[in-house]
> 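Sharing a structure here in structure tokens format.
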Amino acid sequence: MIIAGFILLAIGAADLVRQFAPIRWIGYLATAVLLLLLGSVSDALLPMIAALVAGAVWVWCMPDDRPSPAGFWPAVLLALVVVGAVIWKGERADAGLIGQIWHLRSPFGEVSFDLAMLVLGLAAFLLESANLVVRAALDGEHTWRPMDSAREEAATPTAAVTDSVEAEAETPALVAHIAEPAATVPDPRAGFKGGRLIGPLERMLVLILTLAAAYPILAAMLAAKGIVRFPEISRDGETGARAEYFLVGSLVSWVIALGAAFLVWWSAHS
């Protein structure tokens with residue numbers, strides 16, 4: 001259990017830190033030091049070193065500024081490793097120095113240090129790392145994205161201006177002046193800014209409501225998302241691109257959150 005928690009915590013922390021591009025390497029170093037200290041006081045230094053290695057491999061395999069070179073497979077491998085670690089190695093009897101002073105109660109009973117680290121690691125992963133998994137799934141299926149329509153809208157006026165310039169045989173200086181806005185390309189990540197906030201909030205709510213067995217509220221929340229998205233999806237026409245984008249992204253996000261809830265439930269009852 002502690003191995004799975006540390007791996008998820010290292011990956012989640014790395015993905016959160018690398019959002020601060022100017023100082024990401026300082027953040028990586030500080031995060032690594034803090035996690036190594038945590039592993040030392042909890043008598044799990046070797047699992048923490050393995051988790052840091054896994055975090056470094058994850059950052060390399062799942063970049064946040066371009067499509068993943070390995071596609072969706074790093075997420076599949078991570079799921080297998082985490083589930084295997086939880087099933088193979090349960091809660092430890094001794095949590096080292098921190099275990100002697102650890103005492104945490106919840107409405108569900110006593111929470112061990114190992115279980116707390118698993119929950120913390122899952123929460124960190126759901127915040128930003130899960131966004132990368134959803135993006136990799138959309139890339140793997142070549143799903144339409146909001147940025148695609150923005151590019152098409154930006155490209156259409158450019159083509160019209162170019163044809164007009166060629167037809168009127170204007171001077172090269174005027175051509176360069178008019179064609180200059182064509183170099184301005186919309187930010188390819190602009191379509192994800194809202195989703196990068198909505199997605200983590202949605203996954204955390206799914207995790208909490210599932211663990212609390214509030215299934216009617218969970219169903220109402222998921223249905224409400226479909227209702228809010230319906231006007232946008234209804235404008236698809238015959239392509240169904242927006243509906244596919246919504247379904248793939250939402251289903252992958254929900255599966256990740258429900259899988260996290262299942263891991264917590266399994267660990268607490270094993």
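Quick caveat, the model's predicted, so the values are computed rather than measured.
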> Which heavy atom of A124 sits nearest a heavy atom of L9, and at what distance?
CB-CD1, 4.3 Å
> Grab the two heavy atoms, one from F6 and one from A44, that are nearest each other, plus how far apart they are.
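Scanning both residues, the minimum pair turns out to be CE1-CB, 3.6 Å.
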> Below 4.5 Å, heavy atoms only, C-beta onward: do W60 and P74 meet side chain to side chain?
no
> Output the distance between atom CG (L35) and atom CD1 (I49), rounded to the nearest 0.5 Å.
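Reported value, rounded in 0.5 Å steps: 11.5 Å.
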> Is any side-chain heavy atom of L258 less than 4.5 Å from a side-chain heavy atom of L207?
no
> If Ile, Leu, Val, Met, Phe, Trp and Tyr residues are connected whenever their side-chain heavy atoms lie under 4.5 Å apart, and connections chain through other members, are I7 and W88 in the same group?
yes
> Around W266, counting heavy atoms of other residues, nucleotides and ligands shown, do more than 12 lie under 6.0 Å from its CH2?
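Check fails, neighbour count at 12 or below.
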> How many angstroms lie between CG in L205 and CD1 in I217, if you round to the nearest 0.5 Å?
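Between L205 CG and I217 CD1, I get 10.5 Å after rounding to 0.5 Å.
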> Do V83 and V76 sit in one hydrophobic cluster, given that two such residues count as connected whenever their side-chain heavy atoms are within less than 4.5 Å of each other, even indirectly?
yes
> Going by the side chain to side chain donor-acceptor pair (under 3.5 Å) test, which pairs reach into residues 92-103, not counting sequence neighbours?
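Found R92-D114, H103-E110.
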> Do L120 and L36 share a hydrophobic cluster (ILVMFWY, side-chain heavy atoms under 4.5 Å, transitive)?
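Yes, it is one cluster - the side chains of L120 and L36 are joined through contacts under 4.5 Å.
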> Can you give me the closest heavy-atom contact between C61 and S68, atom names plus distance?
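Nearest heavy atoms, C61 then S68: O-OG, 2.7 Å.
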> Between S250 and F246, is there a donor-acceptor pair closer than 3.5 Å when you use the side chain of the first and the backbone of the second?
yes
> Nearest 0.5 angstrom please: D43 CG to M48 CE, how far?
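It comes to 12.5 Å.
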> Answer yes if L104 and M1 sit in the same cluster of Ile, Leu, Val, Met, Phe, Trp and Tyr residues linked by side chain heavy atoms under 4.5 Å apart, and no otherwise.
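Yes, same cluster.
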> Using the rule given for side-chain contact (heavy atoms from CB on, under 4.5 Å), can you reason through V82 versus I3, listing the C-alpha separation, both sets of side-chain angles and the distance that settles it, and then say yes or no?
CA-CA 8 Å; V82 169; I3 299 175; over 6 Å; no
> Do R203 side-chain atoms and L126 backbone N/O form a donor-acceptor pair below 3.5 Å?
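Yes; at least one donor-acceptor contact below 3.5 Å.
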> Less than 4.5 Å apart, side chain to side chain, heavy atoms only: is that true for D64 and L132?
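Yes, close enough: below the 4.5 Å cut-off.
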> Just wondering, more than 12 heavy atoms not from L251 lying within 6.0 Å of its CG?
yes
> Testing the basics here: between L115 and A268, what is the closest heavy-atom pair and its distance to 0.1 Å?
CD2-CB, 4.2 Å
> For the residue pair W265 and T210, establish whether any side-chain heavy-atom pair is separated by less than 4.5 Å.
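Contact flag for W265/T210 side chains = no.
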> What pair of heavy atoms forms the shortest contact from L211 to A261, and how long is it?
CD2-O, 3.5 Å
> Using side-chain heavy atoms (C-beta onward) and a distance below 4.5 Å, is I11 in contact with M62?
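Answer no - side chains too far apart.
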> Nearest heavy-atom pair of L118 and L263: which atoms, and what distance?
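Of all heavy-atom pairs spanning L118 and L263, the closest is CD2-O, 4.1 Å.
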> Using the ring of each side chain (for Trp, its six-membered ring), is W25 parallel, tilted or perpendicular to Y28, with breaks at 30° and 60°?
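Perpendicular, since the angle between the ring planes exceeds 60°.
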> Which residue pairs pass the salt bridge (Lys or Arg N to Asp or Glu O under 4.0 Å) test when at least one of the two sits in residues 8-20, sequence neighbours left out?
D15-R18
> If you define the side chain from C-beta out and look only at heavy atoms, does anything of P200 sit under 4.5 Å from E128?
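No, too far: nothing below the 4.5 Å cut-off.
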> Measuring from atom OG of S40 to atom CG of L45, what distance do you get when rounded to the nearest 0.5 angstrom?
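Spacing of OG (S40) from CG (L45) equals 4.5 Å.
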> Mind checking whether F125 and L78 have side chains closer than 4.5 Å, heavy atoms only?
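With C-beta onward as the side chain, the pair touches.
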> In Å and rounded to the nearest 0.5 Å, what is the CG to OG1 distance from L38 to T31?
12.0 Å
> Report the distance from atom CG of L8 to atom OG of S129, rounding to the nearest 0.5 Å.
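These two atoms lie 8.5 Å from each other.
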> When you compare the side chain of F113 with that of I2, does any pair of heavy atoms fall below 4.5 Å?
yes
> Are L77 and V134 connected into the same hydrophobic cluster when the rule is that any two of I, L, V, M, F, W, Y join if their side-chain heavy atoms are below 4.5 Å apart?
yes
